[in-house]
A.B. asks: 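What follows is a structure written as structure tokens; I'll ask about it next.
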There are 2 protein chains.
Amino acid sequence: MPVTTGKRADAQRNVTAILDAAAACLVRDPDASVSDIAAAARVGRVTLYGHFASRTELVDAVFVRAVARAHEALDAVDLTGDARQALARLIASSWQVVDESRMLLVAAQRTLPPERIRELHEHPMRRVRSLLERGRAAGVFRFDLPADWLVAVFYTVLHGAADEIGAGRLAPEGAADAITATLLAAFTPPGAPVPG
Amino acid sequence: MPVTTGKRADAQRNVTAILDAAAACLVRDPDASVSDIAAAARVGRVTLYGHFASRTELVDAVFVRAVARAHEALDAVDLTGDARQALARLIASSWQVVDESRMLLVAAQRTLPPERIRELHEHPMRRVRSLLERGRAAGVFRFDLPADWLVAVFYTVLHGAADEIGAGRLAPEGAADAITATLLAAFTPPGAPVPG
DNA sequence: GCTAACTCGAACAGAGGTGTTCGACAAGAG
DNA sequence: CTCTTGTCGAACACCTCTGTTCGAGTTAGC
């Protein structure tokens with residue numbers, strides 16, 4: 001985690017160039033080497049090591065930035081009102097984020113320890129969790145399964161959709177609708193009709 | 001793909017020992033080296049290369065064997081009668097298989113080309129697909145989403161459950177029930193009540 | 001324009017992996 | 001019992017990647 005403040009202007013520019021290049025490379029190949037990343041950033045390998053002590057630290061920084069950006073984008077989503085509609089809105093904004101950064105997650109999983117991955121996923125998960133609990137209180141989401149599990153289902157289905165799109169078996173246009181229909185049904189309390 | 005027939009007895013024994021050891025090692029570490037696997041199999045590295053031309057070929061063989069065994073185990077499941085109950089039975093038998101071999105899948109994904117992974121997943125997928133279509137015809141499963149997508153949801157949720165168990169957030173005892181409740185709801189046609 | 005911060009290429013050391021060759025040795029098949 | 005098949009350890013060549021060092025050159029800041 002390089003300190004961008006107090007550094008010279010070109011140094012700061014290089015840091016962001018490296019982060020951009022790393023993100024691009026890691027998406028293409030989760031095992032991209034430091035040489036590849038430095039070359040893509042049009043920067044010497046030595047310069048890269050001047051800003052990031054190790055490859056692991058670089059991957060961590062890329063992942064942290066991606067999570068922060070996703071958090072920022074998702075904060076704009078209105079989660080008030082009917083919980084089911086709010087869930088639909090959250091999905092519509094989330095799935096593209098997941099689709100874009102899923103290869104980055106793969107790269108992170110290969111280099112960062114599992115606790116770190118989980119640690120960085122905590123904040124985004126809280127958003128889903130609180131929405132889930134609000135919907136439960138309103139009687140539109142099920143109570144018979146653990147909240148942890150339902151949150152996991154949310155993310156699992158989103159990632160699964162991204163994989164299906166990547167494999168060409170799901171059209172990106174229809175993805176949001178399919179995910180929404182699936183998750184709304186999965187969250188519906190037993191006995192209640194599935195919304196359609 | 002070493003030919004086990006026509007080989008000497010000890011050679012055949014070694015091949016299975018290598019496959020067993022490889023499976024065990026790859027589950028522990030998806031990047032396990034050939035040296036590790038050979039040592040675990042109590043076999044010289046040269047002997048291993050005598051049976052498998054490359055590490056990739058070995059991983060492929062391990063994966064093929066795991067898939068075949070899973071196929072065999074799942075063939076014992078009765079998929080006749082009510083489609084929802086059949087789905088429940090299939091889940092009960094499937095999730096443990098998935099849980100055991102998910103690390104193997106990770107290892108395969110790191111070394112085998114994506115087409116190969118997909119190719120080997122085709123047969124198991126057919127089973128789910130035909131059950132899905134039977135349930136659709138009977139009116140108990142939804143028609144408003146692509147069959148491909150629903151099959152993908154099936155596998156995604158199973159793998160997600162395995163991950164949750166691995167992370168200690170889901171009790172293995174309750175897993176089958178949670179998966180079944182989730183998937184039955186996800187497969188329920190819009191307007192129909194969620195079974196419980 | 002002077003200085004400190006930064007960059008760069010080349011080269012280094014070290015680790016760890018793959019796949020091969022060699023020669024001596026053991027074990028199954030007939 | 002013989003002979004083919006298989007096994008074994010050690011060593012080899014080769015590769016790729018990481019992280020570091022050096023000295024010379026460049027750029028921003030004031």
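All chains are named by letter (A, B, ...) in the order of the sequence lines, taking the proteins before the strands, and each is independently numbered beginning at 1.
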A.B. asks: Choosing from D:dG6, D:dG29, C:dT18, which nucleotide comes nearest the side chain of A:A9?
C.D. replies: D:dG29

A.B. asks: Could you tell me whether the phosphate oxygens of D:dG6, OP1 or OP2, come under 4.0 Å of any side-chain nitrogen or oxygen in B:N14?
C.D. replies: no

A.B. asks: Looking only at side-chain N and O atoms, does A:H51 come under 4.0 Å of OP1 or OP2 in C:dT7?
C.D. replies: yes

A.B. asks: Please examine the side chains of B:V77 and B:R127, heavy atoms only from C-beta on, and report whether any two atoms are closer than 4.5 Å.
C.D. replies: no

A.B. asks: When you measure from the side-chain N and O atoms of B:R13 to the phosphate of C:dG28, is any distance below 4.0 Å, counting only OP1 and OP2?
C.D. replies: yes

A.B. asks: Could you give the CG-to-P distance, from B:D29 to C:dG16, as a whole number of Å?
C.D. replies: 14 Å

A.B. asks: To 10°, what angle do the rotation axes through the five end pairs on each side of the helix from C:dG1-D:dC30 to C:dG30-D:dC1 form?
C.D. replies: 30°

A.B. asks: B:R42 or A:S54: which one's nearest nucleotide on DNA chain D is closer to the 5' end?
C.D. replies: B:R42

A.B. asks: Is the shortest distance from a Lys or Arg side-chain nitrogen in A:E119 or A:R116 to a carboxylate oxygen in the other one below 4.0 Å?
C.D. replies: yes

A.B. asks: Check the distance between C:dC25's C1' and B:D10's CG and give it to me in whole angstrom.
C.D. replies: 13 Å

A.B. asks: Can a salt bridge be assigned to the pair B:R65 and B:D20 using a cut-off of 4.0 Å between side-chain N and carboxylate O?
C.D. replies: yes

A.B. asks: Using a strict threshold of under 4.0 Å (side-chain N to carboxylate O), is an ion pair present between A:R118 and A:E122?
C.D. replies: no

A.B. asks: Rounded to the nearest angstrom, tell me the gap between atom CZ in B:R55 and atom P in D:dC15.
C.D. replies: 20 Å

A.B. asks: Choosing from C:dG28, C:dT18, D:dC8, which nucleotide comes nearest the side chain of B:V46?
C.D. replies: D:dC8

A.B. asks: Does this structure show an ion pair linking A:D148 with A:R129, if we count only N-O contacts that are shorter than 4.0 Å?
C.D. replies: yes

A.B. asks: With a non-hydrogen cut-off below 4.0 angstrom, is A:R45 in contact with a base, only sugar-phosphate, or nothing?
C.D. replies: base

A.B. asks: Select one nucleotide: of D:dT7, C:dC6, C:dT18, the one nearest the side-chain heavy atoms of B:T47.
C.D. replies: D:dT7

A.B. asks: Taking CG from B:D31 and C1' from D:dC17, how many angstroms apart are they, rounded to a whole number?
C.D. replies: 14 Å

A.B. asks: Hey, is A:D163 close enough to A:R169 for a salt bridge, meaning N to O under 4.0 Å?
C.D. replies: no

A.B. asks: Nearest-Å distance, CD1 (B:I37) to P (C:dT18)?
C.D. replies: 8 Å

A.B. asks: Within the 4.5 Å heavy-atom criterion, are A:L90 and A:F154 side-chain neighbours or not?
C.D. replies: yes

